[in-house]
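Computed over heavy atoms, backbone and side chain alike; hydrogens, waters and symmetry mates excluded.
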Amino acid sequence: MGGRFRYSRWDGSQHLDDLDADAVLESLSDDLMSYGDLSAALQRLYRWGSDDLPGLEQLLRELRERREQELSRYDLDSAVEDIRQRLQDVIDTERAGMDRKLQEAPPEGKRVLERMARQRRKQLDRVPEDLGGRVKALRNYEFMDEEARQKFEELLQQLQQQVLNQMFQGMKQSIQSMTQQDVSTVREMVRDLNRMLEQRRQGQDTSAQFRDFMSKYGHMFPPDIQTLDQLLEHLQRQMAQMQSLLRSLSPEARAELRRMMDELLQDDSLRLELARLAALMQQTMPPSELTERYPFFGDDPLSLQQAMGLMERLQAMDRLESQLERGSFRLDDVDRGLAEQLLGPQARQQLDRMRQVADVLEKAGYVERRDRRLELTPRGMRRIGQGALRDIFDQLKKARIGQHRIASGGLGTDASEELKVYEYGDPFLLDMKETLFNSLERQGSGVPVKIQPEDFTVHRTEHSTQASTVLMIDMSRSMFLRGCFLAAKKVAIALDSLIRSQFPRDSLYVVGFSNHAVELKPRSLPGIALNDYVYGTNMQHGLQVARALLAKHRGNRQIIMVTDGEPTAHLDNGRVFFQYPPAFRTIQETLKEVRRCTRDRIVINTFMLERGPYLTDFVNQLTRINRGRAFFVSPERLGQYILVDYVSGRQRRRTARAS
C-alpha cells in the first residue's frame with residue numbers, strides 16, 4: 001500500500017534534505033569529463049543546478065518574474081497625479097471653508113469678509129496647473145480656512161521629507177516635522193560631508209573626521225555604516241532611487257516633479273550644498289549603474305512615498321540580479337539576506353545548500369584542496385568510474401545480459417560453488433560438511449566417524465585467465481567537434497572501474513592519440529580535455545605506444561581503439577607528418593604497425609564512430625591483417641558495446657581453456 005503525502009505552500013518552516021555527496025558528484029561527472037576542470041564544473045552546477053539542487057538560473061527566473069509583476073501592476077505617473085489631487089483637495093477645502101465662513105459671518109462683518117474672499121478666489125483661480133507652480137502659489141497664499149492651511153502644511157512637510165529621504169534614509173525616523181531648524185541641520189550635515197570629501201580628494205586621511213561626522217549625524221543613516229566608502233555607497237544608492245523614479249516617469253510628469261522638488265527646497269544654501277555633494281560624489285565614485293529606467297505598464301495608482309519604496313525594491317532586485325549573474329564565479333558575493341527578503345526563505349536555503357557543495361564533497365573524500373584549488377581525489381575518481389559503469393550497464397540489464405555469469409567447469413585453479421564426487425587427479429579442494437554427511441549416511445551415527453575415499457566431496461574448479469588491454473582513444477579535433485570525446489572518456493573510466501572491481505588481475509592502459517600518442521593515467525582521466533587546435537590522427541604512434549605497454553605482459557592481450565576517422569598522421573624520423581585526405585604513406589606506415597601487433601599476437605578491435613569511406617576502407621584492411629573485429633557504433637552506445645565485448649571476450653577465453 002502506498003504512503004500518503006501532504007503538500008503545502010512554502011512558508012519557510014520546511015527543511016530541505018541535506019546534500020548527498022554521491023548525488024552531487026554524479027551531477028558533476030559528465031561536465032567534469034567533458035571539460036576536465038573541477039572548478040568550472042562546480043561553477044556550471046551553481047549556475048544551472050541539478051535535479052536535487054536548483055541553481056542560480058532558477059533564482060534569476062523567479063526574481064525577473066517578480067520584477068515583471070511589479071512593472072505590470074503600477075502606473076508610475078499616478079504618483080504625480082496623486083500629489084496634484086492632494087493639492088487640489090487643499091484648494092477645494094479652502095473654497096469650501098470660505099463659503100462656510102461667509103454663511104456663518106454676522107451681518108456687520110460680512111461685507112469685509114466678502115471682499116477678502118473675492119480676493120482669495122481670484123488668487124486661487126490663478127494657481128497654475130503644474131505641481132511646482134501650485135506649491136509656489138500656495139506657499140505665498142494666505143489661507144482663510146484653518147483646515148486647508150493645515151492640510152497644505154502637512155502635505156508640504158511630507159513632500160520635503162520624502163525628497164530629502166531619497167538621500168538621507170534616517171530622515172523619516174528622526175524628523176517628525178520638517179521645520180526650518182531641521183532644514184538647517186541637514187544643510188550643516190551636507191556642508192560637513194562636502195568638506196570631508198574635499199579633504200579626501202586632496203589625499204588627506206579622513207578617519208577622524210568620519211568618526212566625528214557619524215557621532216553628530218549618524219542618526220540620519222543606517223546603523224551598519226562603518227566607513228566613508230560605505231556611506232558614499234549608501235548615498236549613491238539613495239540618490240539613484242530618485243534618479244530612477246524621474247527617468248521612469250513620462251517627460252511631462254518628470255518635468256513637473258523636478259520643478260516641485262526645486263520649490264520644496266527653498267533654502268538656496270541647501271540646494272547649493274546638495275549640488276556640490278552630487279558633483280563631489282561623481283568625482284569620487286563612478287556613476288551608479290542603478291539609475292535604471294523601469295518601463296511600467298500597469299494601472300494601479302500609488303503615492304510618491306509608495307513610488308520611492310517601489311524604486312528601492314526594484315533597485316534591490318537589480319543588485320540581487322547582478323549578484324546572481326556572477327554568483328557561479330563568486331558565490332559568496334550573493335547576499336543571502338537580500339535573496340530571502342525578495343524571494344523568500346526558500347531562496348536562502350537554496351543558496352546555503354550551494355555553499356555546502358564543496359564542503360560535502362571534501363568531507364566525503366571525493367575532492368581535496370591543493371594550492372587553493374579543488375581537485376578530484378582517487379576516491380572521487382573511483383566513484384565517477386562506478387557511476388559511468390552503472391550508466392552503461394543500465395542499458396545492458398534491459399537486454400537481459402544479467403551479471404555476465406557463465407557455466408564453466410573442469411580442471412582449473414579457482415574453486416567454484418559447484419560440488420562433485422572426488423575423482424583421481426582432481427584438485428583436493430575438500431568440502432568438509434558434505435564429506436561428513438556422506439560418511440554418516442553410509443555408516444550411521446556414532447563415533448569415531450570413519451571416512452572412506454568414496455565419501456570425499458570436492459569443489460569443481462574453473463580456469464581463470466588474465467587479460468591485458470590498451471584502450472586507445474582518438475583525441476583529435478574532430479572527436480570534440482562531433483561530440484564523441486565524452487563518450488570515449490566515460491568508457492575509459494568505466495572500463496577502469498570494471499577491471500578494478502571485477503577483474504583485479506587484469507591490466508588496463510589508456511592511450512590518447514592525436515598528432516602524437518601518450519599514455520593517460522586513470523587518475524587523470526576526468527580532467528583530460530581536448531585542445532581545439534590539435535590536428536592529426538596518428539594511429540601509428542598510438543599502436544607503437546600500446547604495443548610497448550603490452551610487451552610487459554603475456555597471455556591475452558588486446559587493443560580497443562575508438563576513433564571517428566582514418567589515420568591522417570604518422571611519425572617520420574621522429575617528426576609528425578600530417579595530411580588530409582590521408583597520404584598513402586601514412587596508411588602504409590600505420591598498417592606496418594598493425595602487422596607488428598599481429599605478429600606479437602595482440603588483437604585489435606576497432607570501434608568506428610563515423611562511416612566515412614576512407615575510414616571504412618582502412619578498417620577493412622586492418623581487420624584482414626589482424627583478424628580482430630570492427631564495429632560501427634554511435635557515441636551514445638559506445639560504452640555498451642565495448643564493455644559487452646570486453647566481458648564476453650573474457651568469457652570465451654575462460655570457456656575455451658577450461659577442461
Counting distance only, does the side-chain N/O of [X] pair as donor-acceptor with the main-chain N or O of [Y] below 3.5 Å?
{"X": "Gln540", "Y": "Leu571", "result": "yes"}
{"X": "Ser322", "Y": "Arg319", "result": "no"}
{"X": "Arg585", "Y": "Pro582", "result": "no"}
{"X": "Asn605", "Y": "Arg629", "result": "yes"}
{"X": "Arg66", "Y": "Leu342", "result": "yes"}
{"X": "Asp572", "Y": "Phe577", "result": "no"}

Do you see a donor-acceptor pair shorter than 3.5 Å between the side chains of [X] and [Y]?
{"X": "Asp617", "Y": "Gln621", "result": "yes"}
{"X": "Asp474", "Y": "Ser476", "result": "yes"}
{"X": "Glu65", "Y": "Gln69", "result": "no"}
{"X": "Gln315", "Y": "Ser244", "result": "yes"}

Check your understanding: Does a sphere of radius 6.0 Å around CZ in Arg355 hold more than 12 heavy atoms from other residues, nucleotides or ligands, not counting ones at 6.0 Å or beyond?
Key -> yes
Check your understanding: So does Arg330 have more than 12 non-hydrogen atoms from other groups sitting under 6.0 Å from CZ?
Key -> no
Heavy-atom pair of closest approach, residues [X] and [Y]:
{"X": "Val576", "Y": "Ala569", "result": "CG1-CB, 4.1 Å"}
{"X": "Leu549", "Y": "Val511", "result": "CD1-CG2, 3.8 Å"}
{"X": "Leu63", "Y": "Glu321", "result": "CD2-N, 3.5 Å"}
{"X": "Ser27", "Y": "Ser50", "result": "CB-CB, 3.8 Å"}
{"X": "Thr568", "Y": "Thr537", "result": "OG1-N, 2.9 Å"}
{"X": "His553", "Y": "Ser507", "result": "CE1-OG, 3.2 Å"}

In the structure I gave you, are the side-chain heavy atoms of [X] and [Y] within less than 4.5 Å of one another anywhere?
{"X": "Arg599", "Y": "Arg547", "value": "yes"}
{"X": "Met317", "Y": "Leu320", "value": "no"}
{"X": "Val24", "Y": "Leu361", "value": "yes"}
{"X": "Val470", "Y": "Leu550", "value": "yes"}
{"X": "Thr586", "Y": "Asn538", "value": "no"}
{"X": "Arg47", "Y": "Leu60", "value": "yes"}
{"X": "His541", "Y": "Phe513", "value": "no"}
{"X": "Ile560", "Y": "Thr469", "value": "yes"}

Could you tell me the separation between the [atom1] atom of [X] and the [atom2] atom of [Y], rounded to the nearest 0.5 Å?
{"X": "Glu566", "Y": "Ile587", "atom1": "CD", "atom2": "CD1", "result": "6.5 Å"}
{"X": "Leu331", "Y": "Leu56", "atom1": "CG", "atom2": "CG", "result": "6.5 Å"}
{"X": "His570", "Y": "Asn515", "atom1": "NE2", "atom2": "CG", "result": "13.5 Å"}
{"X": "Glu593", "Y": "Met539", "atom1": "CD", "atom2": "CE", "result": "13.0 Å"}
{"X": "Leu622", "Y": "Thr590", "atom1": "CG", "atom2": "OG1", "result": "9.5 Å"}
{"X": "Leu324", "Y": "Leu59", "atom1": "CG", "atom2": "CG", "result": "6.0 Å"}

Exercise for review: Carefully, step by step, assess Asp600 and Arg557 under the rule salt bridge (Lys or Arg N to Asp or Glu O under 4.0 Å).
Suggested key: CA-CA 9 Å; Asp600 292 346; Arg557 298 180 295 174; 5.6 Å; no
Practice item. Would you please test Thr598 and Arg627 for side chain to side chain contact (heavy atoms under 4.5 Å, CB included) and show each step? Key: CA-CA 8 Å; Thr598 306; Arg627 301 298 181 184; over 6 Å; no
Review point. Under the side chain to side chain contact (heavy atoms under 4.5 Å, CB included) criterion, do Leu314 and Leu71 qualify, and how do the steps go?
Key: CA-CA 9 Å; Leu314 288 171; Leu71 297 176; 4.2 Å; yes
Practice item. Show your working on side chain to side chain contact (heavy atoms under 4.5 Å, CB included) between Val360 and Tyr366 and close with a plain yes or no. Key: CA-CA 9 Å; Val360 165; Tyr366 293 153; over 6 Å; no
Practice item. Walk me through it: do Tyr509 and Val545 pass the test side chain to side chain contact (heavy atoms under 4.5 Å, CB included)? Key: CA-CA 10 Å; Tyr509 302 95; Val545 173; over 6 Å; no
Review point. Do Arg64 and Glu325 sit within salt-bridge range, that is, some charged N less than 4.0 Å from a carboxylate O?
Key: yes
